[in-house]
Undergrad: 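What follows is a structure written as structure tokens; I'll ask about it next.
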Number of protein chains: 2
Amino acid sequence: MELDHSVETCSGALAAIGDALYVIGGKWKLRIIIALQSGSKRFNELQRTVTGISARVLSNELKELEINGFITRTVHAQVPVVVEYELTEYSDTLEDVLTSLKKWGAMHRQKIRNSLQPISTEARSS
Amino acid sequence: MELDHSVETCSGALAAIGDALYVIGGKWKLRIIIALQSGSKRFNELQRTVTGISARVLSNELKELEINGFITRTVHAQVPVVVEYELTEYSDTLEDVLTSLKKWGAMHRQKIRNSLQPISTEARSS
DNA sequence: CTGTATCCGCCCGGATACTG
DNA sequence: CAGTATCCGGGCGGATACAG
């Protein structure tokens, strides 16, 4: 019984994680969402904030994020085109995910920094 | 000041997320970890549990997971080779990440199921 | 059983040029 | 500014065969 329970739990967990990764997985989606957490941004602003992303990829990611209900795209002017991307309320539901991931990432970075220094006994650098 | 603070917070968050995604990002790593949460598993067992992964990719992912300290690889027999993969204590630090991600994934799946049904008024199909 | 080596097709994504 | 179109090279990853 306990084994079955574990197996079922695992299956459900795998399915849930699968669903999550399907919409917020990949290299950029979470970064874009984080970049928008400090307020709405325009296209080039986003590209500057999310370091390393190309216009082509950013464009595609923004479309998917909009389709999945995480952001809204608003055109504010036509002459010089001004477009603004903003997080929706639904993206607030990612708060726990983002918080735990940021927290873990910071912890892991610290752990790496600490464990990589003591290579040499004379490693008294920096 | 508040703006600067936001910008710095965003940068730190982006860096942290970047570190996290670097080691647990991608299509498979979290699924493998979840598959091992119900106990240690062998290679083929893992391949059966983590649906869709090929031997080649599973092998590579396991190596990276081991290098990054999430799992241990133990050889139990040589004649018919028996290898066991097991989560390390360090992978326990991912608990919050996995919990929030599973929770969100389940919520999202439910939301999708609810919002996708009412397409047609006659949509009473299977 | 637990992988690895090789081949290879396909797609991701960079670069560039272009449009509205 | 906010993208899009096209080209194109590298690499991801499947299939298969093979090794220990």
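All values derive from a computational prediction rather than experimental measurement.
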Undergrad: Check the surroundings of atom CD in Glu66(A): do more than 12 heavy atoms from other residues, nucleotides or ligands lie under 6.0 Å from it?
TA: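 More than 12 heavy atoms, drawn from other residues, nucleotides or ligands, come within 6.0 Å of this atom.
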
Undergrad: Where the side chain of Val81(A) is defined as all heavy atoms beyond and including C-beta, which of dG3(C), dG20(D), dC1(D) is the nearest nucleotide?
TA: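 Taking heavy atoms from C-beta onward, the closest nucleotide is dC1(D).
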
Undergrad: Is any side-chain N or O of Arg56(B) under 3.5 Å from a base N or O of dT6(C), one able to act as donor and the other as acceptor?
TA: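 Checked by distance alone, the answer is yes.
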
Undergrad: So, OP1 or OP2 of dT2(C): does either fall under 4.0 Å of a side-chain N or O from Asn44(B)?
TA: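 Asn44(B) to dT2(C) OP1/OP2: side-chain N or O found under 4.0 Å.
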
Undergrad: Specify the angle, to 10°, made by the local axes at the two ends of the helix from dC1(C)-dG20(D) to dG20(C)-dC1(D) when five pairs are taken at each end.
TA: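 Taking five pairs per end, the axes differ by 50°.
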
Undergrad: Of Lys29(B), Arg31(B), Arg56(B), Lys27(B), which is the lone residue that meets salt bridge (charged side-chain N to carboxylate O under 4.0 Å, His left out) with Glu61(B)?
TA: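 Single salt bridge (charged side-chain N to carboxylate O under 4.0 Å, His left out) partner of Glu61(B) among Lys29(B), Arg31(B), Arg56(B), Lys27(B): Lys29(B).
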
Undergrad: For the base of dT2(C), is there a side-chain donor-acceptor partner from Arg73(B) under 3.5 Å away?
TA: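 Side chain to base: no pair present.
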
Undergrad: Contact class for Val83(B) vs. all strands (heavy atom < 4.0 Å): base, sugar-phosphate, or nothing?
TA: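 Sugar-phosphate: the residue Val83(B), judged by heavy atoms under 4.0 Å, touches backbone atoms but no base.
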
Undergrad: OP1 or OP2 of dT4(C) less than 4.0 angstrom from a side-chain nitrogen or oxygen of Lys63(B), does that happen here?
TA: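 Affirmative; the distance criterion is met.
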
Undergrad: Do the side-chain N or O atoms of Tyr85(A) get closer than 4.0 angstrom to the phosphate oxygens (OP1, OP2) of dC1(D)?
TA: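 Result: no.
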
Undergrad: Determine the contact category for Lys27(A): base if any of its heavy atoms lies under 4.0 Å from a base atom, sugar-phosphate if only primed atoms, P, OP1 or OP2 are that close, otherwise nothing.
TA: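 Nothing, no heavy atom under 4.0 Å.
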
Undergrad: Quick one: is Ser59(B) getting a side-chain N or O under 4.0 Å of the dT2(C) phosphate, OP1 or OP2?
TA: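 Looking at the OP1 and OP2 atoms of dT2(C), neither is under 4.0 Å from any side-chain N or O of Ser59(B).
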
